[in-house]
Number of protein chains: 2
Amino acid sequence: MTFEEAKDRFIHTWGTLATQWGINRSMAQLHAVLLISPEPMSTEDVMEQLQISRGNASMNLRDLMDWGLIYKQLKVGERREFFIAEKDIWKVARQVAKERRRREITPVVDVLNELKAIPADTPESQEFHRVMEGLSNVVGFADNTLNAVIEAEENWLMSQFLKVFR
Amino acid sequence: MTFEEAKDRFIHTWGTLATQWGINRSMAQLHAVLLISPEPMSTEDVMEQLQISRGNASMNLRDLMDWGLIYKQLKVGERREFFIAEKDIWKVARQVAKERRRREITPVVDVLNELKAIPADTPESQEFHRVMEGLSNVVGFADNTLNAVIEAEENWLMSQFLKVFR
DNA sequence: TTATAATTTCAAAATATATTGAAAGTTTTG
DNA sequence: CAAAACTTTCAATATATTTTGAAATTATAA
(Lines give C-alpha, C1' and ligand atoms only; values in the text may rest on other atoms or scores of the structure.)
Protein backbone atom coordinates (compact mmCIF):
# COMPACT_ATOMS: atom_id res chain seq x y z
CA MET A 1 0.00 0.00 0.00
CA THR A 2 1.41 3.39 -0.94
CA PHE A 3 1.24 6.36 1.39
CA GLU A 4 -1.46 7.98 -0.76
CA GLU A 5 -3.56 4.82 -0.57
CA ALA A 6 -3.06 4.68 3.17
CA LYS A 7 -4.29 8.25 3.56
CA ASP A 8 -7.38 7.54 1.48
CA ARG A 9 -8.05 4.38 3.40
CA PHE A 10 -7.83 6.19 6.71
CA ILE A 11 -10.10 9.04 5.61
CA HIS A 12 -12.61 6.61 4.21
CA THR A 13 -12.56 4.32 7.26
CA TRP A 14 -12.95 7.24 9.64
CA GLY A 15 -15.93 8.50 7.67
CA THR A 16 -17.64 5.13 7.67
CA LEU A 17 -17.10 4.58 11.37
CA ALA A 18 -18.48 7.98 12.19
CA THR A 19 -21.80 7.37 10.47
CA GLN A 20 -22.37 4.44 12.82
CA TRP A 21 -21.96 6.92 15.63
CA GLY A 22 -24.39 9.51 14.43
CA ILE A 23 -21.69 11.82 13.08
CA ASN A 24 -21.95 12.71 9.43
CA ARG A 25 -19.43 11.57 6.92
CA SER A 26 -18.19 15.01 5.89
CA MET A 27 -17.47 16.04 9.43
CA ALA A 28 -15.53 12.86 10.15
CA GLN A 29 -13.59 13.06 6.92
CA LEU A 30 -12.74 16.70 7.47
CA HIS A 31 -11.43 15.74 10.87
CA ALA A 32 -9.42 12.88 9.40
CA VAL A 33 -7.88 15.09 6.73
CA LEU A 34 -6.84 17.74 9.23
CA LEU A 35 -5.57 15.15 11.71
CA ILE A 36 -3.03 13.75 9.30
CA SER A 37 -2.03 17.04 7.73
CA PRO A 38 1.26 18.39 9.13
CA GLU A 39 0.30 21.82 7.75
CA PRO A 40 -2.72 24.06 8.43
CA MET A 41 -5.26 23.79 5.62
CA SER A 42 -7.57 26.36 4.07
CA THR A 43 -11.23 25.79 3.30
CA GLU A 44 -10.32 25.51 -0.39
CA ASP A 45 -7.74 22.85 0.45
CA VAL A 46 -10.16 20.59 2.25
CA MET A 47 -12.93 21.22 -0.29
CA GLU A 48 -10.64 20.05 -3.03
CA GLN A 49 -9.22 17.10 -1.16
CA LEU A 50 -12.65 15.72 -0.21
CA GLN A 51 -14.56 17.03 -3.24
CA ILE A 52 -17.25 18.66 -1.14
CA SER A 53 -19.06 21.97 -1.48
CA ARG A 54 -18.13 25.21 0.19
CA GLY A 55 -21.27 25.25 2.34
CA ASN A 56 -20.68 21.73 3.53
CA ALA A 57 -17.08 22.49 4.42
CA SER A 58 -18.01 25.71 6.20
CA MET A 59 -20.71 24.15 8.35
CA ASN A 60 -18.81 21.06 9.32
CA LEU A 61 -15.61 22.94 10.08
CA ARG A 62 -17.63 25.05 12.43
CA ASP A 63 -19.14 21.97 14.09
CA LEU A 64 -15.67 20.54 14.53
CA MET A 65 -14.62 23.75 16.25
CA ASP A 66 -17.70 23.54 18.51
CA TRP A 67 -16.59 20.03 19.45
CA GLY A 68 -13.13 21.43 20.24
CA LEU A 69 -11.47 19.10 17.75
CA ILE A 70 -10.00 21.68 15.38
CA TYR A 71 -8.83 25.29 15.64
CA LYS A 72 -8.68 28.27 13.36
CA GLN A 73 -5.21 29.44 12.61
CA LEU A 74 -4.39 32.75 10.96
CA LYS A 75 -1.32 33.12 8.77
CA VAL A 76 0.38 36.47 8.57
CA GLY A 77 -0.18 38.16 5.24
CA GLU A 78 -3.00 35.71 4.45
CA ARG A 79 -6.60 36.76 4.38
CA ARG A 80 -8.04 33.26 4.36
CA GLU A 81 -8.56 31.18 7.47
CA PHE A 82 -6.58 28.04 8.02
CA PHE A 83 -7.48 25.11 10.20
CA ILE A 84 -5.45 22.71 12.29
CA ALA A 85 -6.62 19.66 14.22
CA GLU A 86 -5.94 19.01 17.86
CA LYS A 87 -3.11 16.51 17.59
CA ASP A 88 -3.11 15.18 21.14
CA ILE A 89 -5.34 12.18 20.56
CA TRP A 90 -6.08 11.71 24.25
CA LYS A 91 -7.28 15.26 24.36
CA VAL A 92 -9.46 14.51 21.35
CA ALA A 93 -10.89 11.51 23.18
CA ARG A 94 -11.55 13.66 26.24
CA GLN A 95 -13.36 16.27 24.16
CA VAL A 96 -15.52 13.66 22.46
CA ALA A 97 -16.28 12.00 25.79
CA LYS A 98 -17.23 15.34 27.27
CA GLU A 99 -19.57 16.25 24.42
CA ARG A 100 -21.25 12.86 24.30
CA ARG A 101 -21.70 12.86 28.04
CA ARG A 102 -23.33 16.25 27.89
CA ARG A 103 -25.57 15.44 24.94
CA GLU A 104 -26.48 11.84 25.63
CA ILE A 105 -25.87 10.72 29.17
CA THR A 106 -26.91 13.69 31.25
CA PRO A 107 -30.44 13.97 29.78
CA VAL A 108 -31.02 10.26 30.30
CA VAL A 109 -29.86 10.40 33.91
CA ASP A 110 -32.35 13.17 34.51
CA VAL A 111 -35.25 11.29 32.94
CA LEU A 112 -34.41 8.08 34.78
CA ASN A 113 -34.30 9.88 38.11
CA GLU A 114 -37.68 11.34 37.40
CA LEU A 115 -39.12 7.97 36.38
CA LYS A 116 -37.65 6.13 39.34
CA ALA A 117 -39.84 8.26 41.55
CA ILE A 118 -43.08 6.85 40.13
CA PRO A 119 -44.98 4.92 42.84
CA ALA A 120 -44.54 1.14 42.53
CA ASP A 121 -47.86 -0.31 43.64
CA THR A 122 -49.10 -2.61 40.86
CA PRO A 123 -47.09 -5.52 39.35
CA GLU A 124 -46.69 -3.42 36.22
CA SER A 125 -45.32 -0.39 38.02
CA GLN A 126 -43.09 -2.58 40.18
CA GLU A 127 -41.53 -4.05 37.05
CA PHE A 128 -41.16 -0.56 35.68
CA HIS A 129 -39.43 0.57 38.82
CA ARG A 130 -37.02 -2.37 38.75
CA VAL A 131 -36.09 -1.61 35.15
CA MET A 132 -35.53 2.08 35.90
CA GLU A 133 -33.27 1.17 38.83
CA GLY A 134 -31.26 -1.21 36.67
CA LEU A 135 -30.87 1.29 33.88
CA SER A 136 -29.84 3.95 36.37
CA ASN A 137 -26.99 1.73 37.47
CA VAL A 138 -25.81 0.98 33.96
CA VAL A 139 -26.06 4.57 32.81
CA GLY A 140 -24.28 5.62 35.97
CA PHE A 141 -21.48 3.25 35.05
CA ALA A 142 -21.22 4.76 31.58
CA ASP A 143 -21.22 8.18 33.15
CA ASN A 144 -18.38 7.23 35.50
CA THR A 145 -16.36 5.77 32.66
CA LEU A 146 -16.71 8.85 30.50
CA ASN A 147 -15.85 10.99 33.48
CA ALA A 148 -12.75 8.95 34.10
CA VAL A 149 -11.61 9.70 30.57
CA ILE A 150 -12.54 13.35 30.85
CA GLU A 151 -10.79 13.87 34.17
CA ALA A 152 -7.72 11.84 33.33
CA GLU A 153 -5.20 14.65 33.03
CA GLU A 154 -2.20 12.47 33.70
CA ASN A 155 -1.17 9.17 32.23
CA TRP A 156 -0.92 7.30 35.49
CA LEU A 157 -4.67 7.10 35.82
CA MET A 158 -5.04 5.69 32.37
CA SER A 159 -2.28 3.15 32.87
CA GLN A 160 -3.79 2.12 36.19
CA PHE A 161 -7.06 1.53 34.44
CA LEU A 162 -5.40 -0.54 31.77
CA LYS A 163 -3.65 -2.57 34.48
CA VAL A 164 -6.86 -3.42 36.28
CA PHE A 165 -8.47 -4.83 33.17
CA ARG A 166 -5.57 -6.51 31.49
CA MET B 1 -46.91 12.14 36.38
CA THR B 2 -49.17 9.10 36.11
CA PHE B 3 -47.81 5.63 35.48
CA GLU B 4 -49.11 5.68 31.90
CA GLU B 5 -47.34 8.98 31.25
CA ALA B 6 -44.17 7.58 32.76
CA LYS B 7 -44.28 4.56 30.45
CA ASP B 8 -44.79 6.77 27.40
CA ARG B 9 -41.99 9.06 28.50
CA PHE B 10 -39.62 6.15 28.91
CA ILE B 11 -40.48 4.60 25.55
CA HIS B 12 -40.12 7.94 23.84
CA THR B 13 -36.85 8.83 25.56
CA TRP B 14 -35.34 5.47 24.78
CA GLY B 15 -36.30 5.81 21.12
CA THR B 16 -34.77 9.27 20.86
CA LEU B 17 -31.55 8.26 22.55
CA ALA B 18 -31.16 5.28 20.28
CA THR B 19 -31.27 7.31 17.08
CA GLN B 20 -28.21 9.22 18.31
CA TRP B 21 -26.49 5.86 18.51
CA GLY B 22 -27.33 4.59 15.07
CA ILE B 23 -30.14 2.35 16.27
CA ASN B 24 -33.51 2.99 14.70
CA ARG B 25 -36.42 4.28 16.69
CA SER B 26 -38.69 1.29 16.23
CA MET B 27 -36.09 -1.13 17.45
CA ALA B 28 -35.37 0.93 20.55
CA GLN B 29 -39.04 1.45 21.31
CA LEU B 30 -39.83 -2.23 20.88
CA HIS B 31 -37.04 -2.96 23.32
CA ALA B 32 -38.36 -0.38 25.77
CA VAL B 33 -41.90 -1.77 25.60
CA LEU B 34 -40.76 -5.33 26.21
CA LEU B 35 -38.35 -4.26 28.96
CA ILE B 36 -41.08 -2.78 31.09
CA SER B 37 -43.71 -5.39 30.35
CA PRO B 38 -44.06 -7.94 33.15
CA GLU B 39 -45.82 -10.26 30.67
CA PRO B 40 -44.66 -11.73 27.35
CA MET B 41 -46.12 -9.79 24.41
CA SER B 42 -47.29 -10.92 20.99
CA THR B 43 -46.46 -9.18 17.73
CA GLU B 44 -50.01 -7.81 17.65
CA ASP B 45 -49.55 -6.40 21.14
CA VAL B 46 -46.45 -4.42 20.30
CA MET B 47 -47.81 -3.34 16.92
CA GLU B 48 -50.81 -1.88 18.64
CA GLN B 49 -48.91 -0.28 21.49
CA LEU B 50 -46.42 1.47 19.21
CA GLN B 51 -48.71 1.92 16.19
CA ILE B 52 -46.25 0.37 13.77
CA SER B 53 -46.73 -2.01 10.86
CA ARG B 54 -46.44 -5.76 10.94
CA GLY B 55 -43.34 -5.78 8.76
CA ASN B 56 -41.59 -3.22 10.89
CA ALA B 57 -42.38 -5.16 14.05
CA SER B 58 -41.27 -8.43 12.53
CA MET B 59 -37.93 -7.15 11.28
CA ASN B 60 -36.99 -5.23 14.37
CA LEU B 61 -38.01 -8.01 16.74
CA ARG B 62 -35.71 -10.25 14.79
CA ASP B 63 -32.87 -7.73 15.05
CA LEU B 64 -33.42 -7.52 18.79
CA MET B 65 -33.13 -11.28 18.98
CA ASP B 66 -29.90 -11.14 16.96
CA TRP B 67 -28.57 -8.65 19.49
CA GLY B 68 -29.54 -11.09 22.25
CA LEU B 69 -31.77 -8.52 23.92
CA ILE B 70 -35.11 -10.33 23.63
CA TYR B 71 -36.25 -13.93 23.41
CA LYS B 72 -39.13 -15.78 21.83
CA GLN B 73 -41.40 -17.45 24.29
CA LEU B 74 -44.04 -20.00 23.38
CA LYS B 75 -47.22 -20.30 25.40
CA VAL B 76 -48.93 -23.67 25.67
CA GLY B 77 -52.12 -23.79 23.65
CA GLU B 78 -51.11 -20.60 21.80
CA ARG B 79 -50.08 -20.63 18.21
CA ARG B 80 -48.64 -17.12 18.17
CA GLU B 81 -45.15 -16.25 19.27
CA PHE B 82 -44.58 -14.14 22.34
CA PHE B 83 -41.55 -12.09 23.20
CA ILE B 84 -39.84 -11.24 26.45
CA ALA B 85 -36.90 -8.95 27.04
CA GLU B 86 -33.74 -9.89 28.87
CA LYS B 87 -34.41 -8.31 32.25
CA ASP B 88 -30.91 -8.45 33.70
CA ILE B 89 -29.80 -4.98 32.68
CA TRP B 90 -26.11 -5.75 33.19
CA LYS B 91 -26.50 -8.65 30.83
CA VAL B 92 -28.15 -6.28 28.36
CA ALA B 93 -25.19 -3.92 28.70
CA ARG B 94 -22.79 -6.81 28.12
CA GLN B 95 -24.64 -7.89 25.00
CA VAL B 96 -24.66 -4.39 23.60
CA ALA B 97 -20.97 -3.94 24.43
CA LYS B 98 -20.18 -7.23 22.72
CA GLU B 99 -22.07 -6.35 19.55
CA ARG B 100 -20.67 -2.86 19.29
CA ARG B 101 -17.17 -4.13 19.88
CA ARG B 102 -17.58 -6.66 17.10
CA ARG B 103 -19.16 -4.26 14.66
CA GLU B 104 -17.25 -1.06 15.38
CA ILE B 105 -14.02 -1.56 17.28
CA THR B 106 -12.57 -4.71 15.79
CA PRO B 107 -12.61 -3.48 12.17
CA VAL B 108 -10.95 -0.21 13.18
CA VAL B 109 -8.23 -1.99 15.13
CA ASP B 110 -7.46 -4.04 12.04
CA VAL B 111 -7.27 -1.01 9.75
CA LEU B 112 -5.10 0.94 12.19
CA ASN B 113 -2.67 -1.93 12.51
CA GLU B 114 -2.41 -2.08 8.77
CA LEU B 115 -1.88 1.67 8.48
CA LYS B 116 0.68 1.82 11.27
CA ALA B 117 2.93 -0.33 9.11
CA ILE B 118 3.25 2.31 6.37
CA PRO B 119 6.88 3.53 6.14
CA ALA B 120 7.42 6.90 7.84
CA ASP B 121 10.03 8.64 5.73
CA THR B 122 8.62 12.04 4.73
CA PRO B 123 7.28 14.68 7.17
CA GLU B 124 3.80 13.86 5.94
CA SER B 125 4.11 10.14 6.52
CA GLN B 126 5.72 10.71 9.91
CA GLU B 127 2.75 12.78 10.99
CA PHE B 128 0.48 10.08 9.64
CA HIS B 129 2.33 7.44 11.62
CA ARG B 130 2.12 9.47 14.82
CA VAL B 131 -1.63 9.87 14.40
CA MET B 132 -2.14 6.17 13.73
CA GLU B 133 -0.15 5.30 16.87
CA GLY B 134 -2.20 7.69 18.95
CA LEU B 135 -5.49 6.41 17.62
CA SER B 136 -4.37 2.86 18.20
CA ASN B 137 -3.90 3.65 21.86
CA VAL B 138 -7.26 5.33 22.24
CA VAL B 139 -9.12 2.62 20.37
CA GLY B 140 -7.25 0.04 22.40
CA PHE B 141 -8.50 1.76 25.52
CA ALA B 142 -12.10 1.64 24.27
CA ASP B 143 -11.59 -1.99 23.40
CA ASN B 144 -10.33 -2.76 26.90
CA THR B 145 -13.22 -0.95 28.48
CA LEU B 146 -15.82 -2.79 26.45
CA ASN B 147 -14.04 -6.04 27.20
CA ALA B 148 -14.12 -5.26 30.89
CA VAL B 149 -17.89 -4.91 30.69
CA ILE B 150 -18.24 -8.03 28.57
CA GLU B 151 -16.07 -10.19 30.79
CA ALA B 152 -17.45 -8.90 34.07
CA GLU B 153 -19.41 -11.96 35.12
CA GLU B 154 -19.32 -11.12 38.78
CA ASN B 155 -20.19 -7.96 40.55
CA TRP B 156 -16.89 -7.59 42.35
CA LEU B 157 -15.11 -6.66 39.17
CA MET B 158 -17.63 -3.99 38.41
CA SER B 159 -17.53 -2.57 41.90
CA GLN B 160 -13.75 -2.58 41.81
CA PHE B 161 -13.89 -0.59 38.64
CA LEU B 162 -16.30 1.88 40.13
CA LYS B 163 -14.03 2.22 43.15
CA VAL B 164 -10.98 3.07 41.06
CA PHE B 165 -12.75 5.92 39.36
CA ARG B 166 -14.82 7.30 42.16
C1' DT C 1 -15.69 54.77 1.28
C1' DT C 2 -15.91 51.27 -2.27
C1' DA C 3 -14.29 47.18 -4.25
C1' DT C 4 -12.67 42.72 -3.38
C1' DA C 5 -12.01 38.45 -0.97
C1' DA C 6 -13.64 35.20 2.01
C1' DT C 7 -17.21 33.12 4.84
C1' DT C 8 -21.82 31.91 6.25
C1' DT C 9 -26.55 30.87 5.54
C1' DC C 10 -30.42 28.35 3.99
C1' DA C 11 -33.93 26.74 0.59
C1' DA C 12 -33.84 23.27 -2.73
C1' DA C 13 -32.02 18.87 -4.39
C1' DA C 14 -29.85 14.63 -3.56
C1' DT C 15 -29.06 10.83 -0.81
C1' DA C 16 -29.76 7.61 2.82
C1' DT C 17 -32.67 5.30 6.07
C1' DA C 18 -36.92 3.58 7.92
C1' DT C 19 -41.62 2.03 7.35
C1' DT C 20 -45.52 0.16 5.16
C1' DG C 21 -48.52 -3.35 3.44
C1' DA C 22 -49.64 -6.85 0.49
C1' DA C 23 -47.89 -11.11 -1.39
C1' DA C 24 -45.25 -15.15 -0.46
C1' DG C 25 -43.83 -18.33 2.80
C1' DT C 26 -44.28 -21.26 6.87
C1' DT C 27 -46.33 -23.86 10.45
C1' DT C 28 -50.19 -25.82 12.72
C1' DT C 29 -54.71 -27.83 12.92
C1' DG C 30 -58.66 -30.45 11.59
C1' DC D 1 -54.17 -33.08 2.40
C1' DA D 2 -56.38 -28.22 2.55
C1' DA D 3 -57.57 -24.41 5.18
C1' DA D 4 -56.44 -21.30 8.69
C1' DA D 5 -53.25 -18.75 11.53
C1' DC D 6 -49.38 -16.61 11.77
C1' DT D 7 -44.69 -14.80 10.17
C1' DT D 8 -41.43 -13.05 6.91
C1' DT D 9 -39.99 -10.68 2.87
C1' DC D 10 -39.28 -6.86 -0.10
C1' DA D 11 -40.60 -3.32 -3.60
C1' DA D 12 -42.72 0.90 -3.10
C1' DT D 13 -43.36 4.88 -0.26
C1' DA D 14 -42.45 7.99 3.32
C1' DT D 15 -39.36 10.29 6.28
C1' DA D 16 -35.03 12.13 7.82
C1' DT D 17 -30.51 13.65 6.94
C1' DT D 18 -26.91 15.51 4.25
C1' DT D 19 -25.15 18.23 0.61
C1' DT D 20 -25.19 21.73 -2.74
C1' DG D 21 -24.69 26.30 -4.62
C1' DA D 22 -25.98 30.80 -5.09
C1' DA D 23 -27.26 34.86 -2.47
C1' DA D 24 -26.47 37.42 1.70
C1' DT D 25 -23.21 38.72 5.01
C1' DT D 26 -18.93 39.93 6.95
C1' DA D 27 -14.13 41.28 6.91
C1' DT D 28 -10.12 43.26 4.68
C1' DA D 29 -7.66 46.13 1.47
C1' DA D 30 -7.17 49.91 -1.65
Side-chain angles (χ1 to χ4, degrees), chain A residues 11-34 40-67 69-84 103-104, chain B residues 11-34 40-67 69-84 103-104:
Chain A
I11 292 164
H12 179 264
T13 303
W14 215 234
T16 304
L17 179 76
T19 55
Q20 299 179 313
W21 275 72
I23 291 160
N24 79 52
R25 202 173 68 237
S26 297
M27 181 168 158
Q29 291 190 340
L30 281 167
H31 186 221
V33 163
L34 289 172
M41 294 177 79
S42 69
T43 307
E44 292 284 346
D45 291 339
V46 292
M47 279 168 61
E48 186 184 0
Q49 173 142 16
L50 294 177
Q51 292 291 309
I52 61 175
S53 71
R54 187 171 300 283
N56 192 357
S58 172
M59 288 196 306
N60 282 301
L61 286 170
R62 186 229 288 245
D63 283 351
L64 283 168
M65 285 193 289
D66 290 346
W67 277 73
L69 301 181
I70 67 172
Y71 312 108
K72 262 188 193 161
Q73 189 163 81
L74 298 175
K75 280 192 185 178
V76 289
E78 275 279 10
R79 191 151 155 185
R80 292 172 297 170
E81 295 174 329
F82 288 77
F83 298 91
I84 52 168
R103 295 173 192 220
E104 294 165 23
Chain B
I11 292 164
H12 179 265
T13 304
W14 215 234
T16 304
L17 179 77
T19 55
Q20 297 180 312
W21 275 72
I23 290 161
N24 77 52
R25 201 173 69 235
S26 296
M27 182 167 157
Q29 291 190 339
L30 281 168
H31 187 221
V33 163
L34 289 172
M41 294 178 80
S42 69
T43 308
E44 291 286 346
D45 291 339
V46 292
M47 279 168 60
E48 186 184 359
Q49 173 143 15
L50 294 177
Q51 293 291 310
I52 61 175
S53 72
R54 188 171 298 284
N56 191 357
S58 173
M59 289 195 306
N60 282 300
L61 287 170
R62 187 230 288 248
D63 284 349
L64 283 167
M65 285 193 289
D66 291 346
W67 277 72
L69 301 180
I70 67 172
Y71 312 108
K72 263 187 192 159
Q73 189 164 81
L74 299 175
K75 280 193 186 176
V76 289
E78 275 279 11
R79 191 152 156 184
R80 292 173 296 172
E81 295 173 330
F82 287 77
F83 298 90
I84 52 168
R103 295 174 191 220
E104 294 164 25

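As the structure is a computational prediction, the values presented were derived from the model and not from experiment. Just so we're on the same page: letters track the sequence lines, and every chain starts at 1.
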Rounded distance (Å) that lies between atom C1' of C/dT26 and atom CG of B/L74:
15 Å

Find the distance A/E44:CD to C/dT7:P and express it as a whole number of Å.
8 Å

Please figure out whether B/E78 or A/K72 has its closest DNA chain C nucleotide nearer the 5' end.
A/K72

Quick one: pull up OG1 in A/T19 and CE in A/M27 and give me the separation to the nearest 0.5 Å.
13.0 Å

Of all of residues 12-29 of chain A, which get a heavy atom below 4.0 angstrom from DNA chain D, listed by number?
A/N24, A/S26

Taken to the nearest whole Å, CG/B/N56 to P/D/dT7 is 15 Å

Take atom CD of A/E48 as the centre, draw a 6.0 Å sphere, and report whether it contains more than 12 heavy atoms from other residues, nucleotides or ligands.
no

If you define the side chain from C-beta out and look only at heavy atoms, does anything of A/N56 sit under 4.5 Å from A/L50?
no

From B/I70 atom CD1 to B/F83 atom CZ, the distance as rounded to the nearest 0.5 Å:
5.5 Å

Nearest-0.5 Å distance, CD1 of residue B/I11 to CD of residue B/Q29:
7.0 Å

For A/R79, which contact category applies under a 4.0 Å heavy-atom criterion: base, sugar-phosphate, or nothing?
base

Specify the separation, in whole Å, of atom CD1 of A/I52 and atom P of C/dT15.
15 Å

Using only atom types and a distance under 3.5 Å, with no angle test, would you say the side chain of A/D45 pairs donor to acceptor with the backbone of A/S42?
yes

